[in-house]
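Every chain is numbered from 1, with letters handed out A, B, ... down the list of sequences.
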Amino acid sequence: MNDFAERLISWQRKHGRHDLPWQGGHDPYRIWLSEIMLQQTQVDTVIPYYTRFLARFPDVASLAAAPVEEVMALWSGLGYYARARNLHRAAQAIVAGHGGEFPRSAAEIAGLPGIGRSTAAAIAAFAYGERAAILDGNVKRVLCRIFGVEGFPGDKAVENRLWALAESLLPAREVGRYIQAQMDLGATLCTRGKPACERCPFAGDCIARRGNRVGELPTPRPKKTVPRRSARYAVVLHREAVMLERRPPAGIWGGLLSLPEIPAEVPAELAGTSAWARSHFGFDAVEARALGALTHTFTHFVLEMQPVLLRLRTDTRPRARDGDALAWVPLSALDEAALPAPVRRILDALAAPDLFTG
DNA sequence: AATTCGGGGTC
DNA sequence: GACCCAGAATT
């Protein structure tokens with residue numbers, strides 16, 4: 001097919017998406033922010049986060065000048081928190097190293113933290129019209145079906161083939177509209193399940209469709225059993241404030257506030273008692289009981305979270321320990337706190353205790 | 001080359 | 001419940 005790009009572009013003019021919040025301009029900052037938020041995250045999920053973030057940080061300078069805690073708080077609930085940390089680092093690198101000017105080529109853009117080959121190409125194409133190929137989930141699916149590429153696209157060899165194919169299909173001009181067209185086709189017609197082939201401009205060419213194998217391409221990820229883990233978390237309350245712990249920068253929920261985890265060595269019959277509260281936190285508890293457990297599914301494991309409520313005597317003087325890692329946060333300030341989604345769910349339920357059966 | 005990073009949409 | 005989404009960094 002030698003007119004793939006041309007036909008895709010004309011399809012996009014008529015049937016593509018033109019009114020997403022990050023479309024219509026060439027500000028590399030806004031495009032960058034959207035591309036980062038959209039990594040492994042669907043458009044409808046991103047939109048409210050994007051709007052809020054852009055209102056607070058309208059440009060690179062404001063983002064670079066902000067404390068990372070505030071950036072994390074605005075990212076709370078969106079997941080993949082290394083994205084927020086890298087975004088902040090990159091903003092500071094742009095201000096310090098590039099004189100506040102966003103880098104001008106995909107190669108330079110790819111040198112910033114959190115930006116890989118595909119995201120760099122998307123930014124350069126949208127902002128500067130650079131002729132660079134992208135390879136996201138949409139493009140992989142579209143190419144695998146139309147050109148009949150076999151094998152799991154996450155495999156290195158398959159991915160290399162797809163990159164080569166994507167490069168070979170690039171048009172000489174209107175690259176921005178072309179990559180938008182690829183994503184639009186994948187997101188609106190050539191979807192994972194129930195693709196609308198009858199409306200697809202390539203239905204007659206598509207190898208998957210001609211072979212009646214649309215449901216088999218792209219080749220699905222090999223199955224893998226996900227491990228289960230279980231952990232108890234202390235919900236320590238004192239005078240309308242909860243004790244939270246700042247997690248280390250790397251790893252699960254990096255840089256976010258979480259409930260202190262009760263070490264596995266603490267016996268179950270002790271963990272939720274006033275005696276344990278006194279020995280571990282140094283406070284007496286007037287109320288100590290297990291709350292209802294909840295299950296949280298990550299990409300690579302399932303976590304069963306068992307919250308344990310400890311309400312401290314109001315006349316004690318609780319003192320957060322472990323340096324700055326532990327802090328008392330008023331319940332009224334939780335909306336603006338950088339919490340992972342399941343921790344937010346647990347704390348939200350405190351306002352509606354009947355949700356807990358434990 | 002394989003694993004590790006969330007959370008939610010969709011079937 | 002299974003699978004995937006505008007992927008990148010790490011090992």
Side-chain angles (χ1 to χ4, degrees), chain A residues 16-17 20-23 31-50 72 75-87 89-90 109-123 125-126 133-142 144 152-160 162-163 166 176 179-188 190-195 215 218-228 247-256 258 294-303 338-345:
Chain A
R17 299 172 294 184
L20 296 172
W22 42 85
Q23 289 183 313
I31 296 166
W32 170 42
L33 177 61
S34 75
E35 291 300 329
I36 300 301
M37 285 190 167
L38 286 162
Q39 286 171 358
Q40 300 298 100
T41 311
Q42 296 183 348
V43 167
D44 289 342
T45 304
V46 163
I47 288 175
Y49 284 88
Y50 178 82
M72 302 307 295
W75 211 271
S76 168
L78 195 55
Y80 281 130
Y81 298 98
R83 293 184 296 176
R85 184 170 298 278
N86 285 332
L87 189 79
R89 283 176 51 211
I109 294 171
L112 294 168
I115 301 181
R117 181 175 175 182
S118 187
T119 299
I123 297 170
F126 285 137
I134 65 168
L135 191 61
D136 64 6
N138 287 311
V139 179
K140 286 176 179 174
R141 189 170 53 255
V142 167
C144 281
F152 172 54
D155 275 352
K156 200 64 181 174
V158 179
E159 191 178 317
N160 287 341
L162 287 169
W163 270 117
I179 65 176
Q180 184 63 52
Q182 288 184 301
M183 296 190 285
D184 288 351
L185 189 71
T188 64
C190 195
T191 53
R192 184 167 63 92
K194 294 193 175 187
T219 305
R221 169 187 300 276
K223 294 184 195 303
K224 221 178 46 174
T225 62
V226 297
R228 282 186 159 274
R247 294 185 58 87
I252 295 283
W253 301 332
L256 271 68
S258 183
L294 66 86
T295 298
H296 184 74
T297 305
F298 291 85
T299 309
H300 49 298
F301 70 97
V302 176
L303 177 64
L339 304 174
V343 172
R344 189 175 292 284
R345 263 201 307 282

Residue closer to the 5' end of DNA chain C, A:T119 versus A:K223 (nearest nucleotide): A:K223
A:R85 CZ - C:dT10 P separation (whole Å): 12 Å
Output field: ring centroids A:Y49/A:W75 closer than 6.0 Å: no
Rounded interatomic separation in angstrom, taking CG from A:D136 and P from C:dC5: 9 Å
P spacing across the pair C:dA6 / B:dC11, given as an integer number of angstrom: 14 Å
Atom-pair distance (NZ on A:K140; C1' on C:dC4), nearest Å: 12 Å
A:S34 or A:L112, whichever maps to the more 5' nucleotide of DNA chain C: A:S34
Heavy-atom donor-acceptor pair, A:R247 side chain to A:G254 backbone, under 3.5 Å: no
Proximal nucleotide (of C:dA6, C:dA2, C:dA9) relative to the A:W22 side chain: C:dA6
Length of the CE-P vector between A:M37 and C:dA8, whole Å: 16 Å
Atom-pair distance (CG on A:L87; P on C:dA8), nearest Å: 14 Å
ring-ring contact (aromatic ring centres under 6.0 Å, His included) against A:W163, all qualifying residues, sequence neighbours excluded: none
Sub-6.0 Å ring centroid separation between A:F298 and A:W253: yes
Under 4.0 Å protein heavy-atom contacts per nucleotide of nucleotides 2-11 of chain B, with B for base, S for backbone only and - for none: --SBBBBB--
Atom-pair distance (CG on A:D184; P on C:dC5), nearest Å: 16 Å
Candidate list A:E159, A:R117, A:Q182, test side chain to side chain contact (heavy atoms under 4.5 Å, CB included), partner A:L135, passing option: A:E159
Sugar-phosphate, base or nothing in reach of A:R344, heavy atoms under 4.0 Å: nothing
Interatomic distance at P, C:dT10 relative to B:dG6, whole Å: 14 Å
Any donor-acceptor N/O pair, A:T41 side chain to A:V46 backbone, under 3.5 Å: no
Point-to-point distance, once rounded to the nearest 0.5 Å, from CD1 of A:I36 to CZ of A:R83: 8.0 Å
Touch class at under 4.0 angstrom, heavy-atom based, for A:I31 against every strand present: nothing
